[in-house]
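Since the structure comes first, as structure tokens, the remarks are kept for the end.
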Amino acid sequence: MADPAGHEIDRLIELMSRLPGLGPRSARRAVLTLLRRRQTLMDPLARALAEVAARVHDCPVCGNLATGELCDICADPRRDGSTLCVVEGVADLWALERAGVFRGRYHVLGGVLSALDGVGPEDLAIAALPARIAREGIAEVILALNATVEGQTTAHYLADVLSGSGVRLSALARGVPIGGELDHLDDGTIAAALGARRPLGG
Amino acid sequence: MEWTDEGIVVACRRHGEDGAIVELFTPSRGRHAGYVPGGAGRRLRPVLQPGAQVAATWRARLAEQTGIFRIEPVRPRAALLFEDPPALAALASVAALLSWALPEREPHPALYGATVAVMDRLGAPGWQAAYARWELSLLRELGFGPDLSACAVTGGREGLAHVSPRSGRAVSRAAAGRWADRLLPLPAFLTGPGPEGPGEVAAALEMTGFFLEHWLGAALERRALPGARIRLAEMLARSGRIEDQHRRGVAADRQA
């Protein structure tokens with residue numbers, strides 16, 4: 001069968017279809033949109049992609065994505081340097097930043113301990129953590145890891161590693177999400193919420 | 001092809017955008033994998049945590065296909081152990097060892113019963129010894145269990161304190177003599193009544209860990225024990241050392 005789009009465009013569609021949320025059909029639609037809006041969308045997108053690909057690297061201090069020597073968070077002197085939030089990946093860091101309530105600094109582990117995927121402590125940015133805590137005089141470490149077996153196993157491992165450092169350790173609360181209805185929660189979440197209940201008033 | 005059974009989630013790998021390939025350990029089908037549509041999504045992800053007990057229906061056109069699971073939660077276990085690090089590590093180790101050791105689609109109903117029983121005990125007093133016994137039952141079920149019935153040297157059943165790493169047979173304390181340091185420890189609670197303290201549990205895991213790695217693992221051509229099992233053994237050995245130090249401290253205080 002003849003190739004209606006041409007080799008280069010097919011290649012672009014194939015690459016686009018690997019992105020999350022896009023399948024072959026939606027990738028084809030996206031590529032068609034780009035081709036129709038070449039000057040207003042495709043060229044700026046191509047330039048932005050080239051620029052990001054050339055400049056983005058992992059921040060040497062926290063592991064966040066950075067375009068300068070340090071990431072914007074590490075380079076910002078207004079951030080609270082006494083509190084460090086440990087997250088699994090950059091997506092979690094972005095989620096916390098989106099909430100806009102945490103003003104400290106971050107440490108990105110780059111994954112969690114996983115027996116299934118063969119990820120051990122040496123594969124994560126754990127070894128640098130005690131030295132960073134000592135160097136920056138951090139008073140509290142918040143373990144903001146997922147409420148999964150792997151996330152919590154990693155949190156407990158980190159708690160062990162940091163137990164002699166004198167730093168205050170805390171973890172995110174678990175329980176009923178905002179807008180959550182008890183009827184729709186899984187048994188584990190209900191159990192965790194009951195376990196973490198707190199007194200009201202007084 | 002369709003069957004329905006209960007099962008324990010032993011592994012869950014994201015597949016595609018929101019699906020997952022899930023391995024269940026079921027009583028009648030053994031370790032069985034299947035695709036769960038939406039398994040990595042918001043609704044099913046909490047259900048598919050390692051160690052969770054679920055009701056599953058598996059469907060495929062042909063028996064040899066991966067097939068599709070429909071999963072309903074029965075008992076979440078992980079969330080109840082989040083505040084108990086050693087018990088959570090044990091749950092992760094049970095799931096990881098089952099995924100590591102069991103052949104696919106080979107039923108082991110007795111081991112399934114033992115697994116549910118040990119998971120029911122996690123977090124309760126004495127669970128550590130129950131976990132060590134479960135590892136022994138895993139080895140025995142798969143044909144790699146050490147022979148702890150009698151001393152390999154004397155044939156006696158009393159005073160068994162070691163296991164030969166070469167033959168896998170028990171050796172009594174008297175018969176071990178100067179070879180004792182070359183033998184694996186055999187805490188008394190694995191052959192009958194005996195103390196189940198942290199030191200004894202750590203010794204039991206040293207012994208079962210050897211046979212898991214060097215006998216079963218070698219037969220499976222696996223290079224090392226799962227990380228979850230290694231971390232659990234380290235955690236329990238550390239707590240054993242702390243308890244021993246505490247005991248020695250209390251004894252010294254009493255003497256003073």
Side-chain angles (χ1 to χ4, degrees), chain A residues 17-24 26-27 111-124 126 143 145-164 169 171-177 179-180 184-197, chain B residues 9-14 16-18 21-23 40 42-53 72-100 222-232 234-235 238-239 242:
Chain A
S17 69
R18 293 188 203 174
L19 295 175
L22 292 183
S26 44
V112 284
L113 298 175
S114 168
L116 196 59
D117 300 323
V119 180
E122 63 284 354
D123 301 309
L124 306 175
I126 291 177
L143 301 175
L145 297 168
N146 292 334
T148 60
V149 171
E150 291 176 347
Q152 292 310 298
T153 300
T154 310
H156 295 317
Y157 180 83
L158 284 170
D160 265 358
V161 169
L162 301 177
S163 59
L169 279 172
L172 295 185
R174 283 184 286 273
V176 185
H184 293 120
L185 293 183
D186 64 283
D187 301 355
T189 305
I190 289 176
L194 265 175
R197 69 190 183 279
Chain B
V9 177
V10 296
C12 178
R13 289 184 182 84
R14 196 184 187 106
E17 235 160 85
D18 68 344
I21 301 286
V22 173
E23 281 179 22
R42 193 177 291 181
R43 192 180 70 83
L44 278 175
R45 233 181 121 191
V47 175
L48 294 173
Q49 291 297 302
Q53 245 172 299
E72 292 288 332
V74 174
R75 281 191 74 176
R77 292 188 184 271
L80 309 175
L81 300 174
F82 277 171
E83 307 302 330
D84 186 342
L88 182 67
L91 183 72
S93 179
V94 168
L97 278 175
L98 289 171
S99 176
W100 181 82
R222 307 247 201 261
R223 273 182 293 178
L225 287 172
R229 166 59 171 79
I230 295 168
R231 280 190 289 279
L232 171 69
E234 286 171 357
M235 198 180 271
R238 200 164 48 240
S239 68
I242 292 166

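Just the heavy atoms: all of them, side chains too, but no hydrogens, waters or symmetry mates, feed the values below. So that the names make sense, note that chain A is the first sequence line, chain B the second, and so on, each numbered from 1. Everything quoted here is computed from the prediction, not taken from an experiment.
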Taking distance alone, no hydrogens or angles, what donor-acceptor pairs closer than 3.5 Å link side-chain atoms of residues 74-83 of chain B to residues at least two apart or in another chain?
residue: Arg75(B); atom: NH1; partner: Asp120(B); partner atom: OD1; Å: 2.8
residue: Arg77(B); atom: NE; partner: Gln53(B); partner atom: OE1; Å: 3.3
residue: Arg77(B); atom: NH1; partner: Met119(B); partner atom: O; Å: 3.4
residue: Arg77(B); atom: NH1; partner: Asp120(B); partner atom: OD1; Å: 3.0
residue: Arg77(B); atom: NH2; partner: Gln53(B); partner atom: OE1; Å: 2.3
residue: Arg77(B); atom: NH2; partner: Asp120(B); partner atom: OD1; Å: 2.9
residue: Glu83(B); atom: OE2; partner: Arg174(A); partner atom: NH2; Å: 2.2

* Is Arg45(B) reaching over with its side chain to a backbone N or O of Leu48(B), donor-acceptor style, under 3.5 angstrom? -> no

* Asked: chain B heavy atoms under 4.5 Å from Leu194(A): which part of the residue, side chain, backbone, both or neither?
  -> neither

* Structure fact -> Bottom line for Asp186(A): the part with an atom under 4.5 Å from chain B's heavy atoms is side chain

* Structure fact -> Applying a strict 4.5 Å limit to non-hydrogen atoms, the region of Ala89(B) in contact with chain A is neither

* Are side-chain heavy atoms of Thr148(A) and Val112(A) found at a separation under 4.5 Å? -> no

* Asked: Of Leu169(A), Ile126(A), Leu113(A), which meets side chain to side chain contact (heavy atoms under 4.5 Å, CB included) against Leu158(A)?
  -> Ile126(A)

* To do: Applying side-chain contact (heavy atoms from CB on, under 4.5 Å), name anything that partners Arg43(B), two or more places apart in sequence or on another chain.
  => none

* To do: Pick one of side chain, backbone, both or neither for Ala155(A), based on which atoms fall under 4.5 Å of a heavy atom in chain B.
  => neither

* Asked: Is the backbone of Val149(A) close enough, under 3.5 Å, to the side chain of Thr153(A) for a donor and an acceptor to pair up by distance?
  -> yes

* Asked: Which answer fits Arg229(B), side chain, backbone, both or neither, if we ask what part of it has an atom under 4.5 Å from a heavy atom of chain A?
  -> neither

* Residue Leu185(A) versus chain B: region with a heavy atom under 4.5 Å -> neither

* Under a 4.5 Å heavy-atom cut-off, does chain A meet the side chain of Pro50(B), its backbone, both or neither? -> both

